[in-house]
Amino acid sequence: MTKRTLIAHLRRLERAARPLEPRAAERRRLRNAVIASTEQFLERLDDVGAYVETADKGLGLLDAPIRDTGISIAQALAHVEHDVVRPGGQPAAPGYLAYIPGGGLYHSALGDYIAAVTNKYAGIFFAGPGAVRMENLLLRWVADLVGYPASAGGNIASGGSIANLIAVATARDAHGISGASTASAVVYLTTQAHHCIEKALRLAGLGDVRLRHVALDARYRMDPEALAGAIADDRAQGLRPWMVIAAAGTTDTGAVDPLEAIGDIARREGCWFHVDAAYGGFFLLTEHGRAIMRGIERSDSVVLDPHKTLFLPYGSGIVLVRDAAQLETTHRYMGHYMQDALREPGDVSPAEVSPELTKHFRALRMWLPLVLLGTRPFAAALDEKLLLARYFRAEVQRLGFEVGPEPDLSVVTYRWAPPGATLDEANALNQAIVERVKHDGRVFLSSTMLDGRFTLRLVAVSFRTHRRTIDLALDVLSSSLP
Ligand SMILES: *Cc1c(COP(=O)(O)O)cnc(C)c1O
């Protein structure tokens with residue numbers, strides 16, 4: 001190719017690639033269309049319901065395959081609205097009271113917008129010093145909330161599962177669990193621990209460790225005496241007690257394990273003490289939360305999900321490790337092509353304390369709402385959720401439901417158990433109630449199995465859930481009774 005044909009070729013390609021960079025007027029047109037769509041979504045959020053059953057389940061999306069040429073923004077948004085946003089659960093809606101509800105603060109969406117437009121590199125201090133400082137200052141804020149010392153470090157990961165994986169891998173290396181020692185290492189947890197813990201152990205190469213399910217008390221919390229007993233038994237058998245995993249808010253019932261007592265035992269026995277506070281952690285912003293989670297500050301590592309109780313959009317999970325050096329030991333790396341980046345002094349980089357290198361600039365979606373609003377509205381919303389859970393429990397009991405224990409946080413368990421019904425009959429009745437509520441769609445509730453009993457759950461976590469939503473849930477439940 002001569003230089004002239006090369007230049008002509010380049011000119012043609014540049015022209016063909018031009019749609020990748022819309023000009024100001026085109027940007028405004030696209031932005032206005034997107035804003036109109038999301039504004040309509042927000043305006044209708046109270047009426048759309050919390051679960052939308054559709055026959056097609058978003059199948060229409062397949063009518064817009066990826067081709068050589070594009071479609072209009074109106075066509076694209078029609079697919080998003082009809083095929084993606086509409087069908088299924090509506091985690092942004094106030095009536096989403098199932099599983100652990102999500103958030104979706106608007107301020108976070110705007111933070112994501114800035115993060116995406118500027119595409120700041122948030123993995124390494126050298127490339128994005130401000131972005132890295134922002135992540136680290138947020139981690140320090142959370143570390144202060146937990147009560148961790150200055151030695152602590154952490155990472156904003158994509159969610160609680162990855163955050164737990166980071167903690168498990170760090171605990172593994174800190175205690176030298178590898179190869180032959182794996183089979184004699186013991187992890188203590190309860191049957192109420194989140195299933196991502198077992199997944200994390202397998203992913204960390206620890207599928208062979210022994211899992212000891214410690215007995216629960218009547219409120220589904222780990223029994224510290226049973227823990228001490230299990231550790232003593234294992235030692236007597238020549239096993240190696242390694243890690244104790246407590247929950248600060250189990251997913252099933254919201255139970256908070258007695259962290260102070262468990263932490264004492266873990267320390268005495270030289271075990272790594274991990275607290276999975278993915279759901280409950282940010283209740284530390286409330287007085288009740290601080291009281292019930294006392295002892296969390298003694299842990300070696302902790303996980304909190306801002307996309308749960310800090311109301312952020314999905315894709316935010318935090319891990320903190322008491323001794324940042326241990327976190328760095330596990331995630332240390334070196335690429336020859338990165339020699340310039342790694343020589344620069346400065347803050348600890350996220351890439352040095354997590355499996356990720358290039359990452360979404362997640363800090364901005366957390367920083368913007370916190371810095372704009374301060375923490376007070378967050379604390380108020382969380383206190384509101386705690387009270388709503390108690391309100392619901394009292395009212396649903398009035399409707400004739402059998403209720404579970406007074407909630408530690410904001411999960412309420414209850415079931416329909418008419419006198420004389422066998423366990424199987426009662427289970428079938430409760431399953432039918434869940435189905436009817438889902439079909440009605442105004443609120444979305446979920447269920448679990450507790451000691452063989454099909455049990456209904458209501459979880460108040462969304463910042464949009466207020467008393468009128470709980471009253472609606474009670475209405476829907478009373479009209480869904482057998
Ligand atoms: C939600 C949850 C997890 C998993 O977190 P993801 O963000 O869904 O990956 C882990 N542990 C507990 C207690 C949870 O509630």
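Scope of the values below: all heavy atoms of this structure, side chains included, with no hydrogens, waters or symmetry mates. Bear in mind that the values here come from a model prediction, so they are computed numbers and not experimental data. As the structure lists them, so they are numbered: ligands from 1, and atoms in each ligand from 1.
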Report task. List in chain and number order the residues that pass salt bridge (charged side-chain N to carboxylate O under 4.0 Å, His left out) with R133, two or more places apart in sequence or in another chain; answer none if no residue qualifies. Result -> D347
**Report entry** salt_bridge(E406, R390) N-O dist < 4.0 Å
**Finding:** yes
Report task. For ligand 1, list the protein residues that place a heavy atom within a distance below 4.0 Å of one of its atoms, sorted by chain and number. Result -> G159, G160, S161, N164, H194, C196, G249, T251, D276, A278, Y279, D305, H307, K308
**Report entry** Lys/Arg-Asp/Glu bridge criterion (N-O < 4.0 Å) met for R86, D56
**Finding:** yes
Report summary line: Those residues at least two apart in sequence (or on a different chain) that pass ring pair (Phe, Tyr, Trp, His ring centres under 6.0 Å) with F401 are Y414, W416
Query raised in the report: Looking only at side chains, do S316 and R365 share a donor and an acceptor under 3.5 Å apart?
Result: yes
Query - Partners passing ring pair (Phe, Tyr, Trp, His ring centres under 6.0 Å) against Y220 (at least two apart in sequence or in another chain) - result: none
